[in-house]
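In what follows, chains carry the letters A, B, and so on, assigned in the order in which the sequence lines appear, proteins first and then strands, with residues in each chain numbered from 1.
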There are 2 protein chains.
Amino acid sequence: MAETVTVEMVAHEARVSTATVSRIINGSGKVSARRRKQVMDAIEKLGYRPNLLAQSLARGQSMNVGVLTQDMASPFFGQMHQGIEQGFQGSGYHPIFVSEEWQDDKQHAALEVLLSRRVDALIVLGGYIEDDVLLELSGQLPLVTVGREVKGLEGSLSLDNEQGGYLATRHLLDLGHRQIACLAGPDTHYDAVDRMAGYLRAFQESDVPLQRDLVIDALFSEEGGVRATERLLKSGKHFTAVFACNDQSAIGAQLALQRHGKRIPQDVSVVGFDDLPSSAFVYPPLTTVRQSAKLLGQAAAAAVICKLEGKTFAPSRLELKLMVRESTGPVSHMPTHTSIPQQVEQQVAGSSRPRKVRLRMG
Amino acid sequence: MAETVTVEMVAHEARVSTATVSRIINGSGKVSARRRKQVMDAIEKLGYRPNLLAQSLARGQSMNVGVLTQDMASPFFGQMHQGIEQGFQGSGYHPIFVSEEWQDDKQHAALEVLLSRRVDALIVLGGYIEDDVLLELSGQLPLVTVGREVKGLEGSLSLDNEQGGYLATRHLLDLGHRQIACLAGPDTHYDAVDRMAGYLRAFQESDVPLQRDLVIDALFSEEGGVRATERLLKSGKHFTAVFACNDQSAIGAQLALQRHGKRIPQDVSVVGFDDLPSSAFVYPPLTTVRQSAKLLGQAAAAAVICKLEGKTFAPSRLELKLMVRESTGPVSHMPTHTSIPQQVEQQVAGSSRPRKVRLRMG
DNA sequence: CTGTTAGCGCTTTCAA
DNA sequence: TTGAAAGCGCTAACAG
């Protein structure tokens, strides 16, 4: 601990007051060139490094932004984290991550970790914390939520998941599919619910009847995707395509399908949602709705910085678009499950163009 | 800011001194039950929450541990991060992540972020920071490195990557493969180099001649795996198996192989390294060397806590084992590339049993 | 057991 | 421009 160099030591070495040293460090106030040099030299010589903790206490600003996240290991959240970190790059602020791991009982503790560290702002990535808690919190510090809307709170960032679900389903419909299974995510996830809503709308807008029994829970995980698909397969229900509400479950679906001898996309088409970095490399490369989690993260950081500096945030438009790859194709005329011949109505594929999607900001 | 409740206010409310409040908060010193209740009530009533920044300054401990990482979005690092966070759970310490993204120029800034925040200890996950810098740092605070050895520094945590590479290759050799391609990682990654060393040793120990031209760079990424495999395929060189030095490149290899009409494992076997969460769900499920990044992270946290508390760390043994799944199988007697008939010598598969591997701790 | 009183390292009036 | 001094919120001797 003899290592600790303080302003006082620097001031002494440079034969000036601590106030002067402080001014130089922070670039506040005017200081003569001569003193500046003296101080810089002293800093150099002593190897001084400002103690951010002390600065924080004195200034009442920690320069830290809390990020309440769900899963440090998830490929999707990981991208958001990366975006957030990059977004704060060079701003002086730094994100502090704490994950509640989708557990009710961890939220409070997680929040406590952040609050006791006096974070200057909060970014909330999904999660179960009650809206009113968030709302109250937002009265105390800048708060930005991602992937969930909080009524009465301005500053929630999210993509139009409903539209994404619509895009994906519409793509399948346009390819002539009529029996489209849906691997739903947990209904506690806002995203999951919205995506499925898009799936429903696509059917409503078409003349294709929706088969409710083709909608099945898959938990947003690979494992869940496998299980759900196997259940579907075993049930003997006929389907020629599946829309998985996230890429992880889509990959699980692909595995289950292929294991049961189904060819993708000849026998069954699959479309996912997220466009994880690895989704372009699975076999076959997955058609999916791209939402750039990284950009979302960057936008969140930008929003926070704006709020912190009292500026208004001009939401940049984040694109949500369908990446058509090799896991989807036109419906086959050969039914795979039942022997009932089908009427196939091939629609114009071009009609499912990707659309730009607005980024909702309160 | 009228929100800020301080010890002083609590003390006043409870009609005691700040020292007493402090004692209660920290459980230090003896306090009568009556005062304790008074104080607890006051804390409750005022909604007091200790300011960790102030505590840190006063105690000279930030309760934060810096984690110098490489990639917030990588599935592999993500797992380590998760393990680290879990490892600190309940210890009062919290990890602060900052990633240098494998960039030379970011290291210094990254370290600065941590040091100015006065972290109590440092966990270094790979990276390019010079050994001597690390060594000097370790003189100032507890320092644990993961995935890289620093000479002269006691407290580096790593799995026996060499052994893992050996295990993987040996498995292939045991299945009768003789032409085994190796998709190498960047030679700047310690892990990558060690894994390949294991590949080499497996050949040396067998009577199978090593074909140097079957070793090719794949950059540890899916994209790199695809490219490398395609180069291999185009070169016309004969091979019946590939050992990819990480799962990401293995998945890329699988894609390239399947796109070129190769069946896995009938035509070509593939084995990876890492056992990422998704590796069991790609098609076909990947045979790979499991190294539990999460456990590694937990171990790192545990090591740090021990050092911080002056205890000696009893390294728990982390298992490194081969997960045999569906991407590997016995060599086929039908050569796929050349028309030269081969001698196939099927060895006893059982001889490549997984071995426990020591966790190296200085 | 409990209160007084110095700091921890830095910023920021307020005067000079 | 510059310096003196009063905190920021909390802890930790040191006396009682």
Exactly one candidate in A/Asn26, A/Thr20, A/Thr18 meets side-chain hydrogen bond (donor to acceptor under 3.5 Å, both in side chains) with A/Ser22; the answer is A/Asn26

Nearest nucleotide by nearest heavy atom, which residue falls closer to the 5' end of DNA chain C, B/Arg118 or B/Thr20?
B/Thr20

Rounded to the nearest Å, what distance is computed from the CG atom of residue A/Leu57 to the C1' atom of nucleotide C/dT12?
13 Å

Nucleotide D/dC10, atom C1' - distance to CG of B/Leu52 in whole Å
11 Å

Counting heavy atoms not belonging to A/Arg49, are there more than 12 under 6.0 Å from its CZ?
yes

Take the protein atom NZ of B/Lys37 and the nucleotide atom C1' of C/dC1, then report the distance between them rounded to whole Å.
19 Å

What integer distance in Å separates A/Leu53:CG from D/dT11:P?
13 Å

Got more than 12 heavy atoms from elsewhere within 6.0 Å of CD, A/Glu8?
no

note: A/Glu8, atom CD; C/dT11, atom C1'; distance rounded to Å ~ 14 Å

If the cut-off is 4.0 Å, is B/Arg35 near the phosphate of C/dT2, judged by side-chain N/O to OP1 or OP2?
yes

To the nearest Å, how far apart are A/Ile43 CD1 and C/dG9 C1'?
14 Å

Send over the distance from A/Ile24 CD1 to C/dT12 P, rounded to a whole Å.
15 Å

